[in-house]
Amino acid sequence: MAIFHLSVKTISRGKGQSAVASAAYRSGSKLYDERYEETHNYANKRFVEYSEIQLPKQAPEAYKDRATLWNAVEKAEKAKNARLAREIELALPKEISLDQQMKLVHDYVQTNFVDQGMVADWSIHNPQPDKDNPEKPANPHVHIMLTVRSIKKNGTWAPKKRSRYKLDENGQKIPLIDPKTGKQKLGARNAKQWEREYVSYNDWNDQDNVEKWRKNWAEACNLLLKPDQQIDHRSYTRQGNEQIPTQHEGHYAQALERKRPGSSWKVAQNQEIREQNRLILLLLQQWRKIEKAISELKQKIVTAKNLEEERIDERLRSLEQGLNDGRGLEEASGRERQAKSRLTSPDTEALLRQTEAQRSAETTQQRLAELERATREAQRSRQGSTREQPTKAPERPIKPQYPGNKGRGREI
């Protein structure tokens, strides 16, 4: 599995180090050190896969030669404790091929260091299991040696520090005051003097650079790694990860552990940390299962609550409808009772009789009117038939019979 590792170190005379010797060891080559007049021969060093020197545009082409480059660095530094170089050590993903690793490192070095003016000398190491440690996993990594001095446009080394005017909060130069007179000091030809300060010639020593380099390396690697192999430059704390970080053991601690198991406290401590992390991982897995069960239970409770609220709302609507219907029936019953009470009162009975008598009279008049119409229609029909028939002898008039003179009659 890919891991993230980036460490920044300095190679200095104060530590008893030599830039030429360091370059020879990391590149697995044989270099002559002009300062100490000795040869550093690491040509037989194993597992050095590839080495390369990358130069900024203002650097002399002669610096493509490793011995020329680092002997020039040694000559440029005069102090007995001078910083000679900066070293970046990176762990390479085992999931990608050597060609991919070479291109990955080349592009990363060019963007982050060479384009900023540094000379970079880097080598890929890939230690493999051997007879002394057959279970040792492969450990591909790269050593990047960087110059700490800028190179001027004319190809010479720039100073590590430069002088500039000291400015106040308003960006104005601060006058250099003479403590005796309290006035601004004057130099040659009465030129006013100003306070000055020394600052780094470049910003390569800025601590923020380390965070930027770490972030850029992780992003560069992740472009070549699968989603489940991604690395993160942040610490476990910044990631919100509960695991305990292990310490970098180094080849000295590992060699000591191989010779005498249990003799390296770093290896022993890392073994204990890995066991604790295993238990933490198990606890986190159990906790995730519990969280998932709690989440599912909450969802079920919410669903059941919603269903119960719907049933309650439906029941309330039903009861409200029934209540409204009962009120309607009660109102209808009240109206009916009021109507009956009106019908049973004496005034109402008289009114009903009067209304019934009027209805009977109206009915009689309607019948008489219909009878009159029928009589007129019959007479018209008779007259019409009389005009159409031939003339006959007048009939003898009928004598109507009246009840009082039955058997007697008179002509009309």
Query - Residue N44 excluded, over 12 heavy atoms near CG under 6.0 Å - result: no
Query raised in the report: Considering residues, nucleotides and ligands other than R311, do more than 12 of their heavy atoms fall under 6.0 Å from its CZ?
Result: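 Buried by this count: over 12 neighbours within 6.0 Å.
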Taking salt bridge (Lys or Arg N to Asp or Glu O under 4.0 Å) as the definition, give me every residue that meets it alongside [X], ordered by chain and number, with sequence neighbours left out.
X    : answer
R196 : none
R189 : none
R35  : none
R13  : E74

Query raised in the report: Should the pair E95-K226 be classified as a salt bridge under the 4.0 Å nitrogen-to-oxygen rule?
Result: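 Salt bridge absent between E95 and K226.
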**Report entry** Set of side-chain contact (heavy atoms from CB on, under 4.5 Å) partners for A79, sequence neighbours left out
**Finding:** N81, A82
Report task. Determine which pairs satisfy side-chain hydrogen bond (donor to acceptor under 3.5 Å, both in side chains) with at least one residue from residues 50-59, sequence neighbours left out, and list them in order. Result -> Y50-E52, S51-S123, E52-H106, Q54-H106, Q54-Q110, Q54-W122
Query raised in the report: Pairs in or reaching into residues 178-188: which pass side-chain hydrogen bond (donor to acceptor under 3.5 Å, both in side chains), with residues at least two apart or in two chains?
Result: none
Would you please name every residue forming a ring pair (Phe, Tyr, Trp, His ring centres under 6.0 Å) with [X], sequence neighbours left out?
X    : value
W157 : Y63
Y108 : F113, W217
W204 : none
H125 : H141, H143

Query raised in the report: Is the charged tip of K161 near the ring of Y198: under 6.0 Å from the six-membered ring centre and within 45° of its axis?
Result: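 Checked: cation-pi criterion not met.
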**Report entry** Of all pairs that satisfy salt bridge (charged side-chain N to carboxylate O under 4.0 Å, His left out), the ones with a partner from residues 197-214, not counting sequence neighbours
**Finding:**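 As it turns out, the salt bridge (charged side-chain N to carboxylate O under 4.0 Å, His left out) pairs with a partner in residues 197-214, which skip direct neighbours, are R164-E197, E211-R238.
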